[in-house]
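Everything on this sheet refers to the single structure shown next.
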Amino acid sequence: MASKIAKETVMDVLIKEGKQSKERAETLLGAMLAHEEQLRKTKKSTEAKERQDPGEFVIIISDPLMKIPTREEFTGWVVRLGASDGVEQSIGDTLSIIEQTSREYNELGVKKLTVLNVADALENLPNNILQARGVRVLTREPAYVCVTNNAPYDSGLSDRGIADALLHMTDITSNVEFTTSQQQQSK
């Protein structure tokens, strides 16, 4: 942004050098000052938004029995349940609430959007529609899901170590033919 110049200096330049009338020079000066103020506000709001950026959401799932394959990539959404009409929502009802809300929205006949599944609902439905049912969407974009076995750090049972060992065991055992005790007795 340019250095500050006295209003009088700008007026003199506009009148003498620009051959402007005093009224026209005042109008131009006013427009310049308004533009400068708008730039200052825009810069402040941009800086404020940059400071407020929460970063990227990650969902961490505890899977001590290692039932979820860790080599797969999963994504999901983060929602917060609240009260709807003074009634607390049940976690188990979350998906049915989203589905019912989506069906009702589709029945309204809004042609801009047809909600076909949970992803459509969470990414595209207006906030107020789901919030009225006690579901607040915190991530419009799907978040990455990390899986952990939740083992103590010093146990040597790291998340990836166990997963790799189980996968390696599966590879080895898939090539081995096991015989039961009944099969051995029949021989």
Side-chain angles (χ1 to χ4, degrees), residues 1-62 72-148 159:
M1 198 176 290
S3 61
K4 292 205 173 218
I5 302 173
K7 290 180 189 178
E8 296 79 25
T9 306
V10 174
M11 289 289 290
D12 288 343
V13 170
L14 286 172
I15 293 170
K16 291 178 185 171
E17 301 296 326
K19 298 184 177 34
Q20 302 289 329
S21 68
K22 187 174 180 180
E23 294 80 26
R24 176 79 176 136
E26 287 174 352
T27 304
L28 290 172
L29 179 62
M32 288 171 32
L33 293 174
H35 180 69
E36 182 180 2
E37 183 62 28
Q38 183 64 34
L39 289 174
R40 192 173 312 132
K41 285 180 183 178
T42 302
K43 183 178 178 185
K44 284 182 182 179
S45 68
T46 303
E47 290 171 355
K49 285 179 185 176
E50 288 172 358
R51 280 184 262 129
Q52 293 174 355
D53 182 19
E56 193 170 333
F57 282 93
V58 175
I59 302 167
I60 299 175
I61 297 177
S62 177
E72 299 294 323
E73 286 192 15
F74 297 98
T75 57
W77 296 267
V78 179
V79 300
R80 176 175 284 153
L81 298 182
S84 173
D85 298 328
V87 178
E88 285 292 320
Q89 301 297 329
S90 168
I91 294 171
D93 294 335
T94 305
L95 292 175
S96 61
I97 291 169
I98 293 169
E99 180 183 351
Q100 183 61 33
T101 305
S102 299
R103 290 182 189 279
E104 290 172 5
Y105 181 81
N106 287 339
E107 289 171 5
L108 289 174
V110 178
K111 298 299 178 197
K112 287 192 290 186
L113 170 70
T114 300
V115 180
L116 302 175
N117 52 36
V118 172
D120 283 347
L122 296 176
E123 293 174 8
N124 299 312
L125 279 180
N127 283 330
N128 60 341
I129 293 175
L130 285 169
Q131 283 182 357
R133 294 292 188 91
V135 178
R136 181 171 173 233
V137 181
L138 299 179
T139 58
R140 287 281 179 187
E141 294 291 320
Y144 182 74
V145 176
C146 294
V147 180
T148 178
D159 295 320

Tell me whether the count of non-hydrogen atoms from other residues, nucleotides or ligands lying under 6.0 Å of CG in L108 goes above 12.
yes

Just how far is it from atom CG of L113 to atom CD of E123, taken to the nearest 0.5 Å?
11.0 Å

Expected output: side-chain N106 to main-chain T114 donor-acceptor under 3.5 Å:
no

Please report the shortest heavy-atom distance between T139 and G76, naming the atom on each side.
OG1-O, 4.5 Å

Crowding at CZ, R140 (>12 non-hydrogen neighbours, <6.0 Å):
yes

On a heavy-atom basis, which atom in V137 and which in V79 lie closest, and how many Å separate them?
CA-CG1, 4.1 Å

Checking E141 now: which residues fulfil side-chain contact (heavy atoms from CB on, under 4.5 Å) with it, not counting sequence neighbours?
none

Within this structure, what is the CZ-CD distance for the pair R80 and Q131, rounded to the nearest 0.5 Å?
10.5 Å

Intermediate values then yes/no, side chain to side chain contact (heavy atoms under 4.5 Å, CB included), I129 and T101
CA-CA 8 Å; I129 293 175; T101 305; 3.4 Å; yes

E73 atom CD, over 12 foreign heavy atoms within 6.0 Å:
no

Using side-chain hydrogen bond (donor to acceptor under 3.5 Å, both in side chains) as the criterion, point out the one residue from Q100, E107, E99 that pairs with R103.
E99

Output the distance between atom OG (S102) and atom CG (L130), rounded to the nearest 0.5 Å.
6.5 Å

Between E36 and K41, is there a salt bridge with N-O shorter than 4.0 Å?
no

Apply the test side chain to side chain contact (heavy atoms under 4.5 Å, CB included) to residues Y105 and L125: give CA-CA distance (whole Å), side-chain angles for both, the deciding distance (0.1 Å), then the verdict.
CA-CA 9 Å; Y105 181 81; L125 279 180; 3.5 Å; yes

CZ-CD1 distance between R133 and I97, expressed to the nearest 0.5 angstrom
7.5 Å

Provide the closest heavy-atom pair for A121 versus V115 in the form atom of the first, atom of the second, distance.
N-CG1, 3.6 Å

Any donor-acceptor pair under 3.5 Å linking the side chain of D93 with the backbone of S96?
no

Run the numbers on I61 and T148 for side chain to side chain contact (heavy atoms under 4.5 Å, CB included), then give the verdict.
CA-CA 6 Å; I61 297 177; T148 178; over 6 Å; no

For residues L116 and D120, report the shortest heavy-atom separation together with the two atoms involved.
N-OD2, 3.0 Å

